**Q** 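Pasting a structure below so you can have a look.
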Amino acid sequence: QVQLVESGGGLVQAGGSLRLSCAASGRTFASYTMGWFRQAPGSEREFVAGITWVFSSTYADSIEGRFTVSRDNAKNTVYLQMNSLKPEDTAVYFCAADTSAGYIARAVQAYTYWGQGTQVTVSS
């Protein structure tokens, strides 16, 4: 089965940056739409960003231009560059793969495979 492993989380001060990575197994990675989600304590998991195999991308309105999603199909890896981080960005960040669509879905239910998550904590 496809496995996704996130890395790059950590503790940063407000205004700082982090680059998250999600390494995927499987020969079919290049055809997947990949999504980033986050879940803060006491909150529902929410869509952050997504990218198709042809590198089209979309973002949640709450990101406000601060994050950039990218992918390197040769490395089976998707990235989330996070800049100008705010305390409200604190959450566990998950990557996910949608194996059945060529568009970017925002719903959790659309994604088949999930990573274990990586913690991002932004201090004031």
Side-chain angles (χ1 to χ4, degrees):
Q1 64 175 350
V2 174
Q3 292 185 306
L4 306 174
V5 181
E6 303 97 334
S7 62
L11 174 64
V12 298
Q13 292 182 311
S17 298
L18 284 173
R19 183 179 177 87
L20 305 184
S21 298
C22 175
S25 66
R27 293 177 177 270
T28 59
F29 170 80
S31 67
Y32 296 170
T33 290
M34 300 296 296
W36 284 99
F37 292 76
R38 67 187 182 186
Q39 188 165 21
S43 300
E44 297 181 356
R45 191 169 298 185
E46 66 176 357
F47 177 81
V48 176
I51 186 166
T52 70
W53 74 278
V54 292
F55 310 104
S56 297
S57 60
T58 192
Y59 301 89
D61 291 343
S62 60
I63 299 307
E64 301 175 334
R66 298 176 297 118
F67 295 0
T68 302
V69 64
S70 61
R71 68 191 296 165
D72 186 336
N73 290 340
K75 297 181 178 179
N76 283 1
T77 302
V78 63
Y79 305 95
L80 185 68
Q81 178 67 47
M82 306 187 295
N83 300 321
S84 301
L85 284 162
K86 304 175 181 180
E88 51 263 45
D89 295 319
T90 295
V92 177
Y93 283 71
F94 300 87
C95 67
D98 179 355
T99 64
S100 60
Y103 59 91
I104 302 171
R106 294 174 178 262
V108 168
Q109 293 81 1
Y111 292 82
T112 304
Y113 301 104
W114 293 84
Q116 83 290 343
T118 185
Q119 177 70 48
V120 172
T121 302
V122 184
S123 62
S124 301

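Just so it is clear, the model here is predicted, and its values are computed rather than measured. Just so you know, residue 1 is the first one in the sequence shown, and it goes up from there.
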**Q** For Q13, is the CD atom crowded, meaning more than 12 foreign heavy atoms sit under 6.0 Å from it?
**A** no
**Q** Minimum heavy-atom separation for A49 and L80, please, with both atom names.
**A** CB-CD1, 4.1 Å
**Q** What verdict does the side-chain contact (heavy atoms from CB on, under 4.5 Å) test give for Y32 and T112, after you've listed the backbone C-alpha separation in whole Å, the side-chain angles of each residue and the deciding distance to 0.1 Å?
**A** CA-CA 10 Å; Y32 296 170; T112 304; over 6 Å; no
**Q** Are Y59 and W53 connected, step by step, through hydrophobic side chains (Ile, Leu, Val, Met, Phe, Trp, Tyr) whose heavy atoms are closer than 4.5 Å?
**A** no
**Q** So with a 6.0 Å cut-off around NZ of K75, is the heavy-atom count from everything else above 12?
**A** no
**Q** Is there a chain of hydrophobic side chains (I, L, V, M, F, W, Y, each step under 4.5 Å between heavy atoms) that links I63 to M82?
**A** yes
**Q** Whether the side chain of Y111 engages the backbone of A105 through a donor-acceptor N/O pair (distance < 3.5 Å, no angle test) should be reported.
**A** yes
**Q** Take the angle between the ring planes of F37 and F47 and call it parallel below 30°, perpendicular above 60°, tilted in between.
**A** perpendicular
**Q** Does Q116 use its side chain to pair, donor to acceptor, with the backbone of V5 at less than 3.5 Å?
**A** no
**Q** Any side-chain to backbone donor/acceptor pair from Q3 onto S25? Under 3.5 Å, distance only.
**A** no
**Q** Does some side-chain heavy atom of Q119 sit less than 4.5 Å from a side-chain heavy atom of T90?
**A** yes
**Q** Could you grab the distance from atom CG of L4 to atom OG1 of T77, nearest 0.5 Å is fine?
**A** 10.5 Å
**Q** Can you get from V48 to V12 by hopping between Ile, Leu, Val, Met, Phe, Trp and Tyr side chains that sit under 4.5 Å apart?
**A** yes
**Q** With no hydrogens and no angle check, do the side chains of S43 and R38 hold a donor and an acceptor under 3.5 Å apart?
**A** no
**Q** I want to check something: taking the side chain as every heavy atom from C-beta on, are F94 and Q39 in contact at a cut-off of under 4.5 Å?
**A** yes
**Q** Taking Q81 for the side chain and R19 for the main chain, is one N or O donor matched with an acceptor at less than 3.5 Å?
**A** no
**Q** Hey, could you give me the CE/OH distance between M34 and Y113, rounded to the nearest 0.5 Å?
**A** 11.5 Å
**Q** One pair to check against side-chain contact (heavy atoms from CB on, under 4.5 Å): K86 and S62. What are the steps and the verdict?
**A** CA-CA 11 Å; K86 304 175 181 180; S62 60; over 6 Å; no
**Q** Closest approach of P87 and A14, non-hydrogen atoms and distance?
**A** CD-CB, 4.1 Å
**Q** Minimum heavy-atom separation for S17 to S84, with atom names?
**A** OG-N, 4.3 Å
**Q** Are V92 and L20 connected in a single hydrophobic cluster, I mean Ile/Leu/Val/Met/Phe/Trp/Tyr linked by side-chain heavy atoms less than 4.5 Å apart?
**A** no
**Q** If you round to the nearest 0.5 Å, how far is CD1 of I104 from CG of D98?
**A** 10.0 Å
**Q** Can V69 be reached from V108 by stepping across I, L, V, M, F, W or Y side chains whose heavy atoms are under 4.5 Å apart?
**A** no
**Q** Output yes when a side-chain donor or acceptor of R71 lies under 3.5 Å from a complementary backbone atom of I51, and no otherwise.
**A** yes
